[in-house]
There are 2 protein chains.
Amino acid sequence: METTHREDQRSATERRRRELLEAAERVVLRDGPGASMNAIAAEAGITKPILYRHFGDKGGLYRALAVRHTDALVDALRAALDAPTDRRERVEAALDTYLAAIETRPQVYRFLMHPAEESGGERGFDVGQHSAPLLRRLGEELATVIAERVDLGADREERARVWGHGIVGMMHAAGDWWLGERPCPRERLVRHLADLLWGGLATAQDLAGGPGL
Amino acid sequence: METTHREDQRSATERRRRELLEAAERVVLRDGPGASMNAIAAEAGITKPILYRHFGDKGGLYRALAVRHTDALVDALRAALDAPTDRRERVEAALDTYLAAIETRPQVYRFLMHPAEESGGERGFDVGQHSAPLLRRLGEELATVIAERVDLGADREERARVWGHGIVGMMHAAGDWWLGERPCPRERLVRHLADLLWGGLATAQDLAGGPGL
DNA sequence: TATTCACGTTACCGCTAGTAACAACGGATG
DNA sequence: CATCCGTTGTTACTAGCGGTAACGTGAATA
C-alpha cells in the first residue's frame with residue numbers, strides 16, 4: 001500500500017529526528033553551546049551531511065533543540081501563574097519556577113540563553129534579533145498575561161509589553177548572576193526580587209549622610 | 001639615554017595600540033560583532049600576527065575595545081545618579097541615559113552585549129561567565145550605589161546586589177526589545193519602567209472577569 | 001525489472017583563529 | 001665600525017569550523 005509506506009516513512013523520519021536531537025542534546029550538555037556539528041554527528045553514530053539534511057542548518061538544529069525546553073519552561077510558568085492564590089504568591093511561584101529550572105539544569109539554561117551566533121554564513125538572519133529567543137518569548141508571554149489580567153489604564157498594551165520584557169529581564173539577569181555566585185538560597189532571591197517588584201525601591205528610606213538615591 | 005628610549009618605545013607602542021583599536025572599532029561598527037581578525041588587520045593596514053602580538057587573543061582585543069565604551073557608559077550613569085534631584089527623577093535619568101546610549105549607537109551596543117563566544121580554543125575561560133561582562137559590571141555598580149545610599153535593613157548588601165542586577169537586567173531586556181521593535185518613544189519607555197520599579201505591578205487592580213494576576 | 005527515495009558515505013570548499021619562521025630597521029653598547 | 005636587542009612587519013602554515021557536491025546502498029513501489 002502506498003499511504004502506509006509513506007506514513008511509515010514519515011514516522012520513521014520523525015523518530016530518527018528525535019534520536020538525532022537526543023544525541024545533540026547529550027553533546028550540548030557535555031560540551032556546552034559551542035558543540036560542533038562533527039561532534040554531534042559522531043555522538044549519533046553518523047556523519048555531518050545527515051544532520052544537515054534533517055535540520056538544514058546549525059541554527060535549525062539548535063532551534064529544534066531549543067523549542068522543546070522552551071515549551072516545557074513556558075508551560076511550567078503558565079501553571080505557576082494560574083495557581084488560585086493572590087498575586088504576590090503567584091509571582092513568587094513563577095520566579096521560583098524559573099530559578100529552579102535554571103538551577104537544576106544549568107547546562108540546558110546556558111544553551112538556551114547563549115546560543116552561538118551565526119559565523120561565516122551570509123545568511124540574512126534578522127540582524128539585531130540574535131539575542132536569546134527564549135527571553136523574547138518569555139517576555140511576550142508574560143506581556144499577554146499581564147494585559148489580559150491587570151488593569152493598566154489607557155495604554156494598557158504598551159505598558160504590559162514593557163513590563164513583561166522588563167520583568168523577564170530582571171528575572172533573567174538576577175538569575176544569571178545568582179547562578180554564577182550563589183550568594184544566597186533560592187527562596188531569598190525570590191523574596192528579594194518580589195520585594196523589588198512590589199515597590200521596594202520606591203518606599204525604602206535614604207541612608208543618612210549620603211546624597212540619597 | 002636608556003630610560004628615555006624605553007619610554008619613547010612604550011608611548012609609541014601605546015599609541016600604536018590605540019590606532020589598532022580605532023581600526024578595530026571601525027570594522028566592528030561596519031561588520032558587526034562577528035568581524036574577523038583578518039578584516040581588522042586589513043583595515044589597520046597590517047596583517048594578523050601584529051594584532052595577536054598586541055592583544056594576544058581575539059578576546060583580548062574585544063575586551064580592550066569593550067572597556068572604553070563600558071567606562072564611558074558607567075561614567076554617564078554615575079553622573080545621572082548623582083544629580084541633585086529626587087530619587088524618581090534620578091532613576092528616570094539613569095534609565096534614559098542608558099537607553100539614549102543604545103539608541104544612538106546600536107552597533108556599539110550590540111558589540112558590547114553580544115560578543116562572540118570563544119570558538120575552538122581550549123582556553124579555560126570562566127565557564128558560565130561568558131555572559132556579557134558589561135551587564136555584570138553595571139549590576140555591581142548599581143548594587144554598590146544602592147547599598148551606599150538606600151536603607152534596606154538587615155541583609156542590606158544581599159538585597160542591594162539582587163536589586164542591582166535585577167534592575168540592570170530589566171533595563172537591558174526592555175531596551176533590547178524596544179530597540180528592535182521601537183513600539184514607543186524613549187520617554188514613554190522610561191516612564192513605564194520607572195512605574196514598574198515604583199510598584200506598579202503591586203498596586204494595579206485585577207481586571208474584572210479573569211483569574212487575576 | 002526499473003524507478004524512487006531516504007540513509008549514508010567520502011572528499012572537498014572557503015572560512016576562521018592562531019602560530020612559526022624569517023626579514024628589516026633603529027638605537028644602545030662593545 | 002660591528003654587534004646585539006627589541007620592535008614592526010611579512011609569508012606561509014596548521015587545525016578546525018560550517019556547509020556542500022557527488023557518489024553508493026537497500027528497500028518498497030509501479
Side-chain angles (χ1 to χ4, degrees), chain A residues 1-20 23-24 27-28 31-63 65 115-125 130, chain B residues 1-20 23-24 27-28 31-63 65 115-125 130:
Chain A
M1 210 198 273
E2 183 196 75
T3 56
T4 302
H5 177 214
R6 288 276 168 88
E7 285 165 7
D8 283 0
Q9 283 295 357
R10 177 180 299 241
S11 73
T13 297
E14 287 179 1
R15 197 167 50 242
R16 192 82 180 102
R17 191 184 154 98
R18 268 197 299 276
E19 292 173 12
L20 297 182
V27 177
V28 165
D31 298 355
S36 82
M37 294 296 268
N38 259 327
I40 293 174
E43 169 72 26
I46 54 167
T47 49
K48 270 193 299 175
I50 303 180
L51 285 182
Y52 284 94
R53 273 219 264 271
H54 273 274
F55 304 101
D57 199 335
K58 184 172 191 178
L61 200 169
Y62 275 39
R63 246 172 280 131
L65 210 50
E117 346 221 299
E118 88 269 47
S119 50
E122 302 300 337
R123 198 165 311 284
F125 223 60
H130 49 32
Chain B
M1 212 198 274
E2 184 193 72
T3 57
T4 301
H5 178 211
R6 289 277 169 87
E7 283 165 9
D8 283 0
Q9 284 294 357
R10 175 180 300 243
S11 74
T13 297
E14 286 180 0
R15 197 168 48 244
R16 193 78 180 106
R17 191 183 154 98
R18 267 197 299 277
E19 291 173 13
L20 297 183
V27 177
V28 165
D31 298 355
S36 81
M37 295 295 269
N38 259 328
I40 294 173
E43 169 73 26
I46 55 168
T47 50
K48 269 193 301 176
I50 302 178
L51 285 182
Y52 284 94
R53 273 219 266 271
H54 273 272
F55 304 102
D57 198 334
K58 186 173 189 176
L61 200 169
Y62 275 38
R63 246 172 280 130
L65 209 50
E117 346 221 300
E118 87 269 47
S119 51
E122 302 301 336
R123 197 166 312 285
F125 222 61
H130 49 31

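Residue numbers start from 1 in every chain, and the chains themselves are labelled A, B, ... in the order their sequence lines are given, proteins ahead of strands.
- Distance from the side chain of N38(B) is smallest to dT16(C) among dT16(C), dG19(D), dG18(C).
- Rounded to whole angstrom, the span from the CG atom of D57(A) across to the C1' atom of dT20(D) amounts to 13 Å.
- Expressed to the nearest 0.5 Å, how far CE of M37(B) lies from NZ of K58(B) amounts to 7.0 Å.
- The separation between R17(A) atom CZ and dA6(C) atom P is 15 Å, rounded to whole Å.
- For the pair L20(B) CG and dG9(D) P, the interatomic distance rounds to 8 Å; values are reported in whole Å.
- Taking the nucleotide of DNA chain C with the nearest heavy atom to each of P49(A) and H54(A), the more 5' of the two is matched to H54(A).
- Donor-acceptor pairing under 3.5 Å, judged by distance alone, is present between the side chain of R53(B) and the base of dG9(D).
- With respect to E19(B) and R16(B), a salt bridge is recorded, a charged nitrogen being found less than 4.0 Å from a carboxylate O.
- Residues T47(A) and N38(A) form no side-chain contact, since every pair of their non-hydrogen atoms from C-beta on lies 4.5 Å or further apart.
- The listed nucleotides are dT20(D), dT16(C), dT19(C); the one nearest the side chain of Y52(A) is dT20(D).
- For the side chain to side chain contact (heavy atoms under 4.5 Å, CB included) criterion with I40(B), the lone passing option out of D31(B), L65(B), L51(B) is L51(B).
- Each of I50(B) and M37(A) lies near DNA chain D, and the nucleotide nearest I50(B) is the one positioned closer to the 5' end.
- Distance CG (L61(A)) to P (dG19(D)): 10 Å, rounded to an integer number of Å.
- Axis angle between the ends of the helix from dT1(C)-dA30(D) to dG30(C)-dC1(D), five pairs each and rounded to 10 degrees, works out to 30°.
- Between the CG atom of L51(A) and the C1' atom of dG8(C) there is a distance of 12 Å, rounded to whole Å.
- Side chain of K58(B), nearest nucleotide from dT9(C), dG18(C), dT8(D): dG18(C).
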Test side-chain contact (heavy atoms from CB on, under 4.5 Å) applied to R63(A) and F55(A), step by step: CA-CA 9 Å; R63(A) 246 172 280 131; F55(A) 304 101; over 6 Å; no
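- Residue T47(B) places at least one side-chain N or O under 4.0 Å from the OP1 or OP2 atom of dT10(D).
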Test side-chain contact (heavy atoms from CB on, under 4.5 Å) applied to Y52(B) and L61(B), step by step: CA-CA 9 Å; Y52(B) 284 94; L61(B) 200 169; over 6 Å; no
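- Across the protein-nucleic acid pair, K48(B) atom NZ and dA20(C) atom P stand 13 Å apart, rounded to whole Å.
- For R16(A), a side-chain nitrogen or oxygen approaches OP1 or OP2 of dG8(C) to under 4.0 Å.
- The separation between D31(A) atom CG and dC17(D) atom P is 10 Å, rounded to whole Å.
- Judged by distance alone, the side chain of Y62(A) and the main-chain N or O of P33(A) form a donor-acceptor pair under 3.5 Å.
- Summarising the geometry, the separation between CZ on R15(B) and P on dT7(D) is reported as 15 Å, rounded to the nearest angstrom.
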